[in-house]
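All heavy atoms count here, side chains included; hydrogens, waters and symmetry mates do not.
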Amino acid sequence: MSAQPILLVGSVALDEIVTPFGEVRDAFGGSASYFALAARRFAPVRLVAVVGTDFPEDDLQLLRDEGVDTRGLEVVDGRCFRWGGRYGDDLNSRETLYTHLNVFEHFHPKVPQAYRDSPYVFLGNIHPSLQAEVLEQVRSPRLVALDTMNLWIETARTELLRVLRDVHLLVLNDQEARQLAGESNLVRAGRRLLDLGPRTIVVKKGEHGAALFSTGGEFALPALHLADVRDPTGAGDSFAGGLLGYLAASGETSGPALRRAIAYGSVLASFTVQDFGIARLRNVRPEEIAARFEELRLLTHLDAER
Ligand code: AMP
């Protein structure tokens, strides 16, 4: 089966990132950018997003050069979405310095006709009512996945719960899972989230890997052992890109396929965190993805006692 296209909505941004290993300003980022660069290793990506006239043409060209379909990317008068984040010494804790929605404030996603039959949909991290507007414009997709964050769980919970009813796969981090479920035990939280609509929940746990809760069973995978981590920004979006990209390429949604998809998500995220912004992710070669998948497979291999 040939890889099926993924309709993607999310932020395309200019980021300021401060880590113990350095800092960058006006770096090409955004939830949709990381997702697109990871997912397009496996499947065609159709982007719906907005940027301001201050967004560098070179960065837009980069997306096109990477084969991302940008017919749904609007350029409007105003400043683009800007986000700043600072990481603590162990890179696990992140403080948001600012979130300037700018052109996102008045954005209403328009899904081009040519995208409306997309079989896979990824609703990247933006306001849940914008995620819902995208879903209203697509015709019976095969798989709808959604990512969100603490900001929307706190400020737009009702809208988030509404859109989740039409989502098959929810991807979120451990803190967000606890917050959304109102449950501090992560296993209980993951299982409780299944009551909200999605039949599959994938919880990202940063350097501790990822966990799957689904109506068909549960699974856990540690992260790759990385001795050089410089900037975790975009790890979650790259993870989601690898995961959904693999599912769209394989055409499968079985338990074993979901497990492999989680492994590919971890592999793509592992490249992202090894350099600032998209620097490492954009240069990843297929043989490097295959080698790291094998590394993860060996790292997690376990034989039963004979
Ligand atoms: P991650 O590290 O996976 O959480 O993703 C970081 C990316 O998400 C950055 O490139 C930001 O530009 C983007 N981002 C941060 N906050 C938001 C938000 N509230 N809405 C949309 N995108 C965001």
Residue pairs fulfilling ring pair (Phe, Tyr, Trp, His ring centres under 6.0 Å) with at least one residue in [range], sequence neighbours excluded:
range: residues 143-191; result: His127-Trp152
range: residues 59-104; result: Phe81-Phe104, Tyr98-His100, Phe104-Phe107
range: residues 180-203; result: none
range: residues 212-234; result: none

Nearest heavy-atom neighbours spanning [X] and [Y]:
X: Pro232; Y: Val273; result: CA-CG1, 3.7 Å
X: Arg142; Y: Gly251; result: NH2-O, 2.9 Å
X: Val51; Y: Val103; result: C-CG2, 3.9 Å
X: Leu169; Y: Pro198; result: N-CB, 4.3 Å
X: Leu123; Y: Leu135; result: CD1-CG, 3.9 Å
X: Leu186; Y: Lys205; result: CD2-CD, 3.6 Å

Scan for salt bridge (Lys or Arg N to Asp or Glu O under 4.0 Å) pairs involving [range], sequence neighbours excluded, and state none if there are none.
range: residues 253-274; answer: Glu252-Arg260
range: residues 53-73; answer: Arg40-Glu66, Arg41-Glu66, Asp54-Arg82, Glu57-Arg64, Asp69-Arg71
range: residues 83-104; answer: Arg86-Glu95
range: residues 296-306; answer: Glu294-Arg297

- Query: Cluster question for you: counting only ILVMFWY and a side-chain heavy-atom cut-off of under 4.5 Å, with indirect links fine, are Leu97 and Leu101 together?
  - Reply: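 Different clusters: Leu97 never reaches Leu101 through Ile, Leu, Val, Met, Phe, Trp or Tyr contacts under 4.5 Å.
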- Please round to the nearest 0.5 Å and tell me the distance separating atom CG of Leu8 and atom CG of Leu244.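 Going from CG on Leu8 over to CG on Leu244, the span is 9.5 Å.
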- How many angstroms lie between atom CG of Asp231 and atom OG1 of Thr19, to the nearest 0.5 angstrom?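 Going from the CG atom of Asp231 to the OG1 atom of Thr19 covers 6.0 Å.
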Looking at [Y] and [X], is there a salt bridge between them, counting it only when a charged N and a carboxylate O are closer than 4.0 Å?
X: Asp117; Y: Arg46; answer: yes
X: Lys110; Y: Glu74; answer: yes
X: Glu105; Y: Arg79; answer: no

Hey, does the side chain of [X] reach the backbone of [Y] with a donor-acceptor pair shorter than 3.5 angstrom?
X: Gln274; Y: Val229; value: no
X: Ser118; Y: Tyr120; value: no
X: Asn283; Y: Ala279; value: yes
X: Gln4; Y: Ser2; value: yes
X: Arg292; Y: Leu268; value: no
X: Asn102; Y: Cys80; value: yes
X: Arg192; Y: Ala181; value: yes
X: Glu207; Y: Pro222; value: no

- List in chain and number order the residues that pass side chain to side chain donor-acceptor pair (under 3.5 Å) with Ser11, two or more places apart in sequence or in another chain; answer none if no residue qualifies.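 Ser11 satisfies side chain to side chain donor-acceptor pair (under 3.5 Å) with Ser31 once adjacent residues are dropped.
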- Message: Under the rule for side chain to side chain donor-acceptor pair (under 3.5 Å), what residues qualify as partners of His106, not counting sequence neighbours?
- Response: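 Here no residue qualifies.
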- Does CZ in Arg188 sit with more than 12 non-hydrogen atoms of other residues, nucleotides or ligands closer than 6.0 Å?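 It does not: Arg188 CZ has 12 such atoms or fewer within range.
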- Message: Does Gln179 have more than 12 heavy atoms from other residues, nucleotides or ligands lying within 6.0 Å of its CD?
- Response: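 Correct, the count exceeds 12.
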- Measure the acute angle between the ring planes of Phe293 and Tyr264, then classify it against the limits of 30° and 60° as parallel, tilted or perpendicular.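 Rings of Phe293 and Tyr264: parallel, under 30°.
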- Which word best sums up how the rings of Phe35 and Phe122 line up, parallel for under 30°, tilted for 30 to 60°, or perpendicular for over 60°?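 Rings of Phe35 and Phe122: parallel, under 30°.
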- Query: Do Arg230 and Phe276 meet the cation-pi criteria used here (NZ or CZ under 6.0 Å from the six-membered ring centre, within 45° of the axis)?
  - Reply: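 So Arg230 doesn't make the cation-pi contact.
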- Message: Leu221 and side-chain contact (heavy atoms from CB on, under 4.5 Å): which single residue from Ile262, Leu212, Leu299 fits?
- Response: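 The side-chain contact (heavy atoms from CB on, under 4.5 Å) with Leu221 is passed solely by Ile262 among Ile262, Leu212, Leu299.
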- Item | Under the salt bridge (Lys or Arg N to Asp or Glu O under 4.0 Å) test, residues paired with Glu16 that sit two or more places apart |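 Partners of Glu16 under the salt bridge (Lys or Arg N to Asp or Glu O under 4.0 Å) test: Arg25.
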- Task: With sequence neighbours left out, write down each residue that passes salt bridge (Lys or Arg N to Asp or Glu O under 4.0 Å) with Glu287, or none if nothing qualifies.
- Result: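 In terms of salt bridge (Lys or Arg N to Asp or Glu O under 4.0 Å), with neighbours along the sequence ignored, Glu287 is linked to Arg285.
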- Item | Heavy-atom check, side chain of Asp147 versus side chain of Lys204, under 4.5 Å |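 Sidechains of Lys204 and Asp147: in contact.
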- Minimum side-chain heavy-atom gap Val24-Val18 below 4.5 Å: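 No, side chains not in contact.
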- Does a donor on one side chain and an acceptor on the other come within less than 3.5 Å for Ser238 and Thr272?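 Yes.
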